[in-house]
Amino acid sequence: MTAKKIFVHTFLLIGVIFSIFPFYWLIVMSTNETSAIFAFPPKLTFGNYFMTNYNHVMDNINFYRALFNTVLIAVVSTTLQLFFNSLTGFTFSKFKFPGSKVLFYLMMATMMIPAQMLLVPQFIIIKELGWLGSYKALIIPGMATAFGIFWIRQYALAIHDDLLEAARIDGCNKFGLYWRVALPILRPALAFLAITTFMGVWEDYLWPLIVLTDTSKFTLTLTLQQLKSVHTGDYSMVMTGTLLATVPLIVFFLLVSRQFIAGIMEGAVKS
């Protein structure tokens with residue numbers, strides 16, 4: 001192995017260690033008492049207090065109800081975004097209609113608006129529709145995004161027109177071109193969009209804080225914030241709740257990332 005390869009591998013190894021250490025430290029904190037967290041030198045080994053911290057979390061918050069709410073909102077939001085973003089992005093990339101360029105540029109212009117500026121108008125609309133405190137307030141406003149449409153459009157531009165024409169000759173209508181031809185090709189782009197959307201919905205705190213009024217419908221971020229507010233001194237319990245909320249997100253990432261990587265490798269082999 002050359003010196004250059006040794007340097008590259010060493011640099012990558014250091015990067016991996018720095019990336020993994022925060023999660024490792026989270027696990028360590030969740031298995032120890034709070035006093036061990038502030039010990040010097042810091043304790044870097046696992047303790048025997050995970051079940052104790054776990055029981056404290058379950059006694060103080062309705063964790064599994066919040067987990068159900070978060071999974072429901074994240075899955076439905078991700079599914080709707082994948083459908084509407086991919087359908088719209090494919091349409092912008094392969095179909096020309098009057099005003100299509102103007103609509104696309106207007107949509108792209110919305111990406112220049114900070115999300116914080118949209119909170120008040122969105123809140124007023126949600127209030128007038130009577131959706132405050134419901135799941136609809138979290139799901140429907142995010143059914144499609146400018147970034148998602150742009151991302152799919154750019155990927156769909158690589159679909160050969162000859163392939164679509166062959167499908168038309170075989171009797172495929174416009175929706176069939178999207179469903180039967182485009183979607184299989186768009187799989188890597190959809191996998192990436194699914195990961196970013198699911199993680200964004202899962203970690204969202206501000207919008208649920210504004211529109212949710214019933215504690216039984218709170219997401220994990222709101223519920224964990226309650227835990228932190230009530231028990232500011234018990235950091236081991238707070239970290240245990242954070243760890244429990246992070247594990248499903250990691251599992252989803254690992255499952256979807258396989259499809260993402262497989263699609264990239266398939267495209268590389270074909271090219």
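Put simply, the side chain of Asn85 gets close to the backbone of Thr145: a donor and an acceptor are under 3.5 Å apart. Looking at Trp207, its side chain never comes within 3.5 Å of a backbone N or O of Leu119 through a donor-acceptor pair. Without hydrogens or angle criteria, Thr110 side chain to Met107 main chain gives a donor-acceptor distance under 3.5 Å. Looking only at distances, no side-chain donor or acceptor of Thr240 sits under 3.5 Å from a matching main-chain atom of Asn53. Between the side chain of Arg65 and the backbone N or O of Ser216, at least one donor-acceptor pair lies under 3.5 Å.
The nearest pair of heavy atoms linking Val57 to Gly241 is CG2-N, 3.9 Å. Heavy-atom minimum distance, Leu183 versus Ser86: CD2-OG, 4.1 Å. Of all the heavy atoms in Gly47 and Lys43, the pair that sits closest is CA-NZ, 4.4 Å. In terms of heavy-atom proximity, Met199 sits nearest to Leu249 at CG-CD1, 3.8 Å. Taking each heavy atom of Ile185 and Pro188 in turn, the nearest pair found is O-CD, 3.5 Å. Heavy-atom minimum distance, Ile27 versus Phe46: CG2-CE2, 3.4 Å.
Of the candidates Thr10, Leu12, Ile6, Leu12 is the only one forming a side-chain contact (heavy atoms from CB on, under 4.5 Å) with Val8.
A continuous path of hydrophobic side-chain contacts links Ile140 to Ile149 [ILVMFWY only; heavy atoms under 4.5 Å]. Leu222 and Leu72 fall within a single hydrophobic cluster, where Ile, Leu, Val, Met, Phe, Trp and Tyr are joined by side-chain heavy atoms under 4.5 Å apart, directly or via other members. Linking ILVMFWY side-chain heavy atoms closer than 4.5 Å, directly or via other members, places Leu206 and Ile113 in two distinct hydrophobic clusters. Note: the hydrophobic cluster containing Leu118 does not contain Phe123 (ILVMFWY, side chain heavy atoms under 4.5 Å, direct or indirect links). Phe253 and Ile20 sit in two unconnected hydrophobic clusters of ILVMFWY residues. Membership requires side-chain heavy atoms under 4.5 Å apart, directly or through other members.
Rounding to the nearest 0.5 Å places CE of Met58 at 4.0 Å from OH of Tyr54. Interatomic distance, Thr78 OG1 to Leu190 CG, rounded to the nearest 0.5 Å: 12.0 Å. From Thr223, atom OG1 reaches atom NZ of Lys217 across 14.0 Å, with rounding to the nearest 0.5 Å. Atoms CG and NZ, on Leu157 and Lys94 in that order, are 6.0 Å from each other to the nearest 0.5 Å. To the nearest 0.5 Å, atom CG of residue Leu212 and atom OG1 of residue Thr219 are 6.5 Å apart. Residue Phe97 holds its CZ atom at 7.0 Å from OG1 of Thr91, rounded to the nearest 0.5 Å.
Classification of the Tyr155-Trp151 ring pair by plane angle, with boundaries at 30° and 60°, yields tilted. Ring geometry for Phe7 versus Phe11: interplanar angle under 30°, hence parallel rather than tilted (30 to 60°). Using cut-offs of 30° and 60° on the angle between ring planes, the pair Phe90 and Phe95 is perpendicular.
At most 12 heavy atoms of other shown residues, nucleotides or ligands fall within 6.0 angstrom of atom CZ in Arg180. Within 6.0 Å of CE in Met112 there are 12 or fewer heavy atoms belonging to other residues, nucleotides or ligands. Counting heavy-atom neighbours within 6.0 Å of Asp59 CG, excluding the residue itself, gives a total above 12. More than 12 heavy atoms of other residues, nucleotides or ligands shown are found within 6.0 angstrom of CE on Met111. Atom CZ of Phe83 is surrounded by more than 12 heavy atoms from other residues, nucleotides or ligands within 6.0 Å.
With contacts defined as side-chain heavy-atom distances shorter than 4.5 Å, the pair Phe23/Ile250 qualifies. At a threshold of 4.5 Å between non-hydrogen side-chain atoms, the residues Ser77 and Leu138 do not count as touching. Side-chain contact check for Tyr135 versus Val76: every heavy-atom pair is 4.5 Å or farther apart. Within the 4.5 Å cutoff, the side chain of Phe198 has heavy atoms near those of the Val75 side chain. With a 4.5 Å cut-off on side-chain heavy atoms, Leu82 and Thr197 do not count as touching. The shortest distance between side-chain heavy atoms of Leu67 and Leu220 falls below 4.5 Å. Side-chain contact between Gln226 and Thr215 is present, with at least one heavy-atom pair separated by less than 4.5 Å. Contact of the Asp204 side chain with the Thr221 side chain is not registered, since no non-hydrogen atoms from C-beta on lie closer than 4.5 Å.
Tyr178 and Phe175 have their aromatic ring centers within a separation under 6.0 angstrom.
The closest side-chain donor-acceptor pair between Thr34 and Ser236 falls under 3.5 angstrom.
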From CA spacing to verdict: side chain to side chain contact (heavy atoms under 4.5 Å, CB included), Met237, Asn60: CA-CA 10 Å; Met237 180 178 63; Asn60 287 280; 3.7 Å; yes

| field | side chain to side chain contact (heavy atoms under 4.5 Å, CB included) between Val28 and Thr45, worked out | value | CA-CA 6 Å; Val28 170; Thr45 57; over 6 Å; no

Practice task
Would you sort out whether Leu224 and Ile61 count as a side chain to side chain contact (heavy atoms under 4.5 Å, CB included), showing the intermediate values?
Solution key: CA-CA 8 Å; Leu224 291 176; Ile61 60 173; 4.3 Å; yes

Practice task
Please report the C-alpha distance between Val211 and Trp131 in whole Å, then the side-chain angles of each, then the deciding distance to 0.1 Å, and finally whether the side chain to side chain contact (heavy atoms under 4.5 Å, CB included) criterion is met.
Solution key: CA-CA 8 Å; Val211 299; Trp131 291 354; over 6 Å; no

